[in-house]
Amino acid sequence: MKKYLPAAAAVVAVLAAASATPAAATAAAPVPSASTVAPSPSPVRVVASGERVDAGGGWTVWLTEEGKHWSGPDGYENFRSVVDGNVDLSRPGVSHQSEGSEAGVFHSGLFYGTKKAGQVVLTGTDGTKTTAALLELPGRPGWGVWYAHTGPENDGGAAVALYDRNGRLLAELPGWNA
């Protein structure tokens, strides 16, 4: 069953255990506190508009000037706009979409309102932290895409936090059932 859950509704899939996917360049990472993380020197991978990125586990992510696109193992394509007026690019924020099964959960979303994004970290209700991979179009447009894989769902939703390159918290989405 597919679940495309908007962050605005604060309904997110759950983190159980981090399961790093080499192709997705994700890994569990300890975070020193809720408001800071270790500085990240070159956290964002710059990709060309329309360039498809293998996000691991059969998932593909790509960016265009209009927003984030992604498709899963089933081939079904999805889109999250940054130009439809539903994303306030004037202040830092983060969104979250997820789809999961017994095998694990693919998380992705937008980060926006900053040209100094450093890290996106998901925190499961059990405290497990997973650092996401970050993608951005050339020229630092003030938004980009993050993605990560975690273990299968258990009892609640993941919180998502956006940090700048100095490790300062810029924005966060609380998890549901936290």
Side-chain angles (χ1 to χ4, degrees), residues 1-9 11-13 15 18-29 37 40-101 103-122 130-150 158 160-165 170-173:
M1 180 173 148
K2 293 188 183 321
K3 295 186 286 184
Y4 303 103
L5 307 175
V11 178
V12 294
L15 301 179
S19 61
T21 304
T26 61
V37 295
S40 183
S42 58
V44 182
R45 176 179 164 193
V46 176
V47 296
S49 181
E51 178 182 342
R52 294 189 178 234
V53 175
D54 180 354
W59 295 93
T60 303
V61 178
W62 64 102
L63 291 69
T64 64
E65 288 76 12
E66 291 78 34
K68 169 189 139 189
H69 302 258
W70 73 103
S71 65
D74 60 4
Y76 186 77
E77 293 186 4
N78 294 284
F79 174 70
R80 176 67 169 103
S81 178
V82 295
V83 296
D84 65 2
N86 288 319
V87 175
D88 182 0
L89 298 176
S90 70
R91 61 182 196 169
V94 64
S95 71
H96 184 191
Q97 294 82 40
S98 62
E99 182 175 347
S101 68
V105 179
F106 176 72
H107 303 266
S108 65
L110 298 172
F111 62 87
Y112 50 89
T114 182
K115 294 184 179 196
K116 298 181 180 181
Q119 197 172 57
V120 170
V121 178
L122 287 83
T130 304
T131 302
L134 305 180
L135 305 173
E136 189 175 68
L137 292 172
R140 297 196 181 279
W143 69 272
V145 170
W146 64 268
Y147 65 89
H149 293 267
T150 65
V160 181
L162 169 64
Y163 298 90
D164 71 11
R165 292 191 192 129
L170 295 175
E172 61 186 336
L173 282 174

Please give me the minimum heavy-atom distance between [X] and [Y], naming the atom from each residue.
X: A158; Y: L122; answer: CB-CD2, 4.3 Å
X: P43; Y: A117; answer: CG-O, 3.3 Å
X: S108; Y: K68; answer: OG-NZ, 2.7 Å
X: A171; Y: G93; answer: CB-CA, 3.6 Å
X: N86; Y: D84; answer: N-OD1, 2.9 Å
X: K115; Y: P141; answer: CE-C, 4.5 Å

Practice task
For the pair F106 and W59, name the ring-plane relationship: parallel under 30°, tilted 30 to 60°, perpendicular over 60°.
Solution key: parallel
Exercise for the section: Report the relative orientation of the aromatic rings in W146 and H96; use parallel for angles under 30°, tilted for 30 to 60°, perpendicular for over 60°. Expected result: tilted
Problem - Backbone of T60 reached by a side-chain donor or acceptor of H69 within 3.5 Å - result: no
Spacing of [X] atom [atom1] and [Y] atom [atom2] [to the nearest 0.5 Å]:
X: S49; Y: L63; atom1: OG; atom2: CG; value: 8.0 Å
X: L135; Y: W143; atom1: CG; atom2: CH2; value: 9.5 Å
X: L137; Y: E51; atom1: CG; atom2: CD; value: 10.0 Å
X: Y112; Y: E136; atom1: OH; atom2: CD; value: 15.0 Å

Taking the side chain as everything from C-beta on, heavy atoms only, tell me whether [X] gets closer than 4.5 Å to [Y].
X: V160; Y: H107; result: no
X: L162; Y: T114; result: yes
X: R80; Y: L110; result: yes
X: L170; Y: F111; result: no

Fill in the blank from the handout: Residues passing the salt bridge (Lys or Arg N to Asp or Glu O under 4.0 Å) test with D88, sequence neighbours excluded, are R91
